[in-house]
Amino acid sequence: MKYISTRGQSPALGFSEILLGGLAPDGGLYLPETYPQFTDADLTAMRGMNYRDLAFTILSRLIDDIPAADLKAIIDKTYRADVYRFARKGQNAEDITPILKLEDNLYLLSLSNGPTLAFKDMAMQLLGNLFEYVLAKKGETTNILGATSGDTGSAAEYAMRGKKGVRVFMLSPHKKMSRFQTAQMFSLQDDNIFNIAVNGVFDDCQDMVKAVSNDAAFKAKYKIGAVNSINWGRIVAQVVYYFKGYFAVTQNNQQKVSFTVPSGNFGNVCAGHIARMMGLPVDKLIVATNENDVLDEFFKTGVYRPRGSANTYHTSSPSMDISKASNFERFVFDLLGRDAAKVRELWASVDKGGAFDIKELMPKVREFGFVSGSSNHACRMQTIREANSKYGVVIDTHTADGLKVALEYFDKAAPMVVLETALPAKFEDALVEALGAVPERPASLNGIEDLPQKFTVMDADVTAIKDFIAKHT
Ligand SMILES: *Cc1c(COP(=O)(O)O)cnc(C)c1O
């Protein structure tokens with residue numbers, strides 16, 4: 001299996017060759033040359049599989065440059081009940097992504113039972129083990145540089161802590177993350193994890209990462225890497241739980257399932273699209289946004305109009321506060337029948353801060369199953385309260401955006417699965433506002449705010465961060 005760039009001007013490469021990088025050299029994103037196909041007979045064989053066997057069956061069709069036995073060992077080490085251990089009472093942690101029935105045909109797929117209580121652990125934990133393996137094979141090391149406003153940074157650090165050949169330098173805005181998020185990251189004492197609290201906002205952190213990455217000489221000398229949401233290894237890991245969720249709520253392969261996905265960078269729902277392209281019987285893929293509704297606008301009108309970071313709202317579902325959806329280019333490439341020249345033309349406009357209009361392709365968008373909706377703070381609070389009173393389930397703010405939009409499309413006749421992207425304990429303040437009570441927290445995380453913290457405070461100064469990296473490698 002070779003991977004090609006959405007912009008069509010980079011050489012086709014194997015999985016292990018694209019794993020450690022971000023963008024393709026031509027500025028595009030990698031996708032498999034063709035999507036492997038799962039037939040009806042394949043699906044029947046996969047139906048009873050546990051998470052690990054299912055993951056191996058799917059990933060081995062997309063990763064052919066790691067020996068099967070090694071890939072199996074990496075997967076078995078990743079998807080364990082003691083890693084994804086924060087299942088709700090009554091759920092089986094062995095399911096890795098247990099399903100929770102809300103009412104007939106309406107379900108939550110629990111993706112947030114991993115170490116940092118958000119769905120990003122599903123992919124990032126696999127990435128950590130894949131990175132360690134591939135780096136060892138190549139005899140290389142990498143220094144991952146990232147910026148976070150909370151979820152990505154913690155998921156990356158918990159995935160990479162203690163991994164040989166990997167160091168993580170994670171920039172976060174000083175005193176701007178929640179106490180819980182700060183404690184999760186800063187309490188890590190591992191020698192290969194460096195938390196840098198920047199005097200500034202998230203955009204300052206991101207600008208510093210960009211500035212360092214744009215210095216080609218520095219980047220090469222210090223082997224600067226990234227694990228951001230466009231990394232193909234993350235997308236591929238996320239494909240698996242769409243299959244797992246599908247099998248959990250159907251009895252046969254003639255049934256179709258709709259998935260509603262709380263979305264920001266379009267990474268999670270992009271994996272749903274790929275699962276569908278590989279033969280999973282998906283009906284609708286419902287993109288749920290918060291007040292930052294770039295994607296909802298596109299799926300309603302065919303106009304893609306990124307907003308720019310100055311026009312990004314800070315909301316109570318902060319992990320969906322994006323101004324442009326980095327993975328969206330992958331979907332548009334397929335939508336255009338894989339016309340890379342056309343992708344280049346559209347993104348020539350986007351990369352200059354512009355927009356594009358492809359409303360003539362809306363029938364094709366619907367054929368691919370895509371529809372959308374958006375939510376806001378009031379809807380989110382209301383949905384959290386309703387889920388609690390009607391179903392007795394406490395959900396987080398991002399999942400609430402998903403459930404709110406799902407209910408606009410749910411017709412009770414066919415299964416609808418809402419992806420749960422974080423546990424409520426992660427967003428205590430908003431939950432207190434909605435329910436008047438602090439959400440339950442896994443017992444082992446009680447008191448995490450009181451643990452000793454390891455971090456360095458720094459001004460938003462590119463030279464200072466470069467010096468810091470140089471000194472610690
Ligand atoms: C990252 C994140 C999202 C958005 O996922 P994308 O793949 O960027 O669309 C939604 N909810 C939570 C809790 C997240 O951490």
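Throughout, numbering of the chain's residues begins at 1 and tracks the sequence. Both ligands and their constituent atoms are indexed starting at 1 by order of listing.
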Neighbour count above 12 (heavy atom, 6.0 Å) for K300 NZ: yes
With the threshold set at under 4.0 angstrom, would you say P262 reaches ligand 1 through any of its heavy atoms? yes
Any idea which part of F266 is under 4.0 Å from ligand 1, heavy-atom wise: side chain, backbone, both or neither? backbone
Any donor and acceptor pair, going by atom type alone, linking the side chain of S316 with main-chain N or O of H377 inside 3.5 Å? no
May I ask you to list the atoms of ligand 1 that are less than 4.0 angstrom from any heavy atom of F119? 1 (C), 2 (C), 3 (C), 5 (O), 7 (O), 14 (C)
Of the protein's non-hydrogen atoms, which lies at the shortest distance from atom 12 (C) of ligand 1, and what is that distance? T421 OG1, 3.5 Å
Within the structure, does S263 bring an N/O atom to less than 3.5 angstrom of an N/O atom in ligand 1? no
Please write down residue, atom name and distance for the protein heavy atom closest to atom 8 (O) of ligand 1. N265 N, 2.8 Å
Hey, are R380 and E291 close enough for a salt bridge, meaning a charged N less than 4.0 Å from a carboxylate O? yes
Quick one: does any side-chain atom of K176 pair with a main-chain N or O of G200 as donor and acceptor, under 3.5 Å? yes
Whether the N327 and R330 side chains hold a donor-acceptor pair (N or O, under 3.5 Å, no angle test) is what I'd like checked. yes
Should the proximity of N268 to ligand 1, defined as any heavy atom under 4.0 Å, be assigned to the side chain, the backbone, both, or neither? both
Give a yes or no on this: more than 12 heavy atoms of other residues, nucleotides or ligands lie within 6.0 Å of atom CG of N199. yes
Any heavy-atom pair between the side chains of P115 and Q125 that's under 4.5 Å? yes
Are F370 and F331 an aromatic pair by the rule of ring centers under 6.0 Å? yes
Would you mind checking which non-hydrogen protein atom is closest to atom 9 (O) of ligand 1, with the distance to 0.1 Å? G264 N, 2.8 Å
Check: A118 N/O within less than 3.5 Å of ligand 1 N/O: no
Just wondering, more than 12 heavy atoms not from K219 lying within 6.0 Å of its NZ? no
Quick look: K120 vs ligand 1, heavy-atom contacts under 4.0 Å, and the answer is side chain
G267: numbered ligand 1 atoms lying under 4.0 Å from its heavy atoms: 6 (P), 7 (O), 9 (O)
I want to know if ligand 1 touches D151 in the polar sense, i.e. an N/O pair below 3.5 angstrom. yes
Contact atoms of ligand 1, heavy-atom distance to A422 under 4.0 Å: 13 (C)
